[in-house]
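Data block below; observations after.
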Amino acid sequence: MDIIFLGGLQIETIIGIFDWERETKQTVILDIEMAFDIQKAAETDDIQHTLDYKAVSKRIIAFVEASNYFLVERLTVEIADIIINEFNVPWVKVTLNKKGAIRGASDVGIIVERGRK
């Protein structure tokens, strides 16, 4: 299986459990890997036979900007579910980085891998 990816997608959202986090948008950074068979797209050079990563990114940006979760775990799982269910992707890996969440650590976050059930 081939992998189509989005790297370093930065989105502002409300995320966190503390009072100040409920009032101030923070940046989350997403790296997304999506399994997709690109053979027909490679043979035909036609976008209708591949995964439109612009459409994926627009959907995820709109979703994350409008979200209001307490936990990065919930947000990350929701993103993975959207990609699998709305874009017919058999497998996805979503890395969510909440930079600056822990003093002294440059990166903090979660990695979720999901496949079709």
Side-chain angles (χ1 to χ4, degrees):
M1 189 61 55
D2 307 303
I3 302 290
I4 295 175
F5 71 93
L6 299 169
L9 187 60
Q10 297 186 35
I11 309 168
E12 298 285 319
T13 191
I14 297 293
I15 187 77
I17 60 171
F18 299 110
D19 290 342
W20 71 267
E21 291 179 303
R22 307 308 303 155
E23 299 172 5
T24 305
K25 287 190 174 189
Q26 299 179 74
T27 301
V28 294
I29 303 167
L30 299 174
D31 293 320
I32 303 170
E33 297 179 18
M34 301 162 284
F36 201 86
D37 184 354
I38 65 163
Q39 186 63 39
K40 190 165 185 178
E43 290 170 358
T44 63
D45 201 25
D46 188 338
I47 193 168
Q48 76 177 0
H49 300 297
T50 193
L51 176 62
D52 183 347
Y53 51 79
K54 183 175 182 179
V56 173
S57 67
K58 288 176 84 171
R59 173 66 172 106
I60 297 306
I61 290 167
F63 173 76
V64 174
E65 285 179 339
S67 71
N68 188 357
Y69 295 111
F70 289 97
L71 299 178
V72 294
E73 290 85 348
R74 173 79 186 271
L75 178 57
T76 309
V77 167
E78 294 291 335
I79 292 166
D81 287 346
I82 287 169
I83 293 169
I84 285 174
N85 294 320
E86 294 183 20
F87 293 93
N88 199 28
V89 171
W91 172 89
V92 66
K93 178 179 176 182
V94 179
T95 302
L96 185 146
N97 188 340
K98 188 178 172 188
K99 283 190 171 290
I102 301 293
R103 188 175 65 185
S106 63
D107 299 300
V108 175
I110 187 165
I111 300 171
V112 169
E113 287 188 50
R114 291 290 186 274
R116 284 212 169 274
K117 296 178 181 171

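Side-chain atoms are counted along with the backbone in the values below, which use heavy atoms only and exclude waters and symmetry mates.
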Please check if the side chain of E86 supplies one atom and the backbone of I82 the other of a donor-acceptor pair under 3.5 Å. no
Ignoring hydrogens and angles, tell me if any N or O in the side chain of T50 forms a donor-acceptor pair with the backbone of I47 under 3.5 Å. no
Listed partners of A105 passing side chain to side chain contact (heavy atoms under 4.5 Å, CB included), at least two apart: I102, V108
For the residue pair [X] and [Y], what are the closest heavy atoms and their distance?
X	Y	result
S67	L75	OG-CD1, 3.8 Å
D31	G8	OD1-N, 2.6 Å
A35	V89	O-CG1, 3.4 Å

Would you indicate whether the side-chain heavy atoms of [Y] and [X] approach each other to under 4.5 Å?
X	Y	answer
W91	I3	yes
T27	K99	no
D2	D37	yes
I14	K25	yes
L30	L6	no
Y69	V64	no
R116	N88	yes

Cluster overlap [X] with [Y], hydrophobic side-chain contacts below 4.5 Å:
X	Y	result
I29	M34	no
W20	F70	yes
L71	I111	no

State the [atom1]-[atom2] distance between [X] and [Y], to the nearest 0.5 angstrom.
X	Y	atom1	atom2	value
R114	N85	CZ	CG	11.5 Å
Q10	I61	CD	CD1	10.5 Å
K98	D107	NZ	CG	13.5 Å
T95	L9	OG1	CG	12.5 Å
N68	T13	CG	OG1	7.0 Å
S106	N97	OG	CG	7.5 Å

More than 12 heavy atoms of other residues, nucleotides or ligands under 6.0 Å from OH of Y53: yes or no? no
Evaluate whether atom CG of D46 has more than 12 neighbouring non-hydrogen atoms of other residues, nucleotides or ligands under 6.0 angstrom away. yes
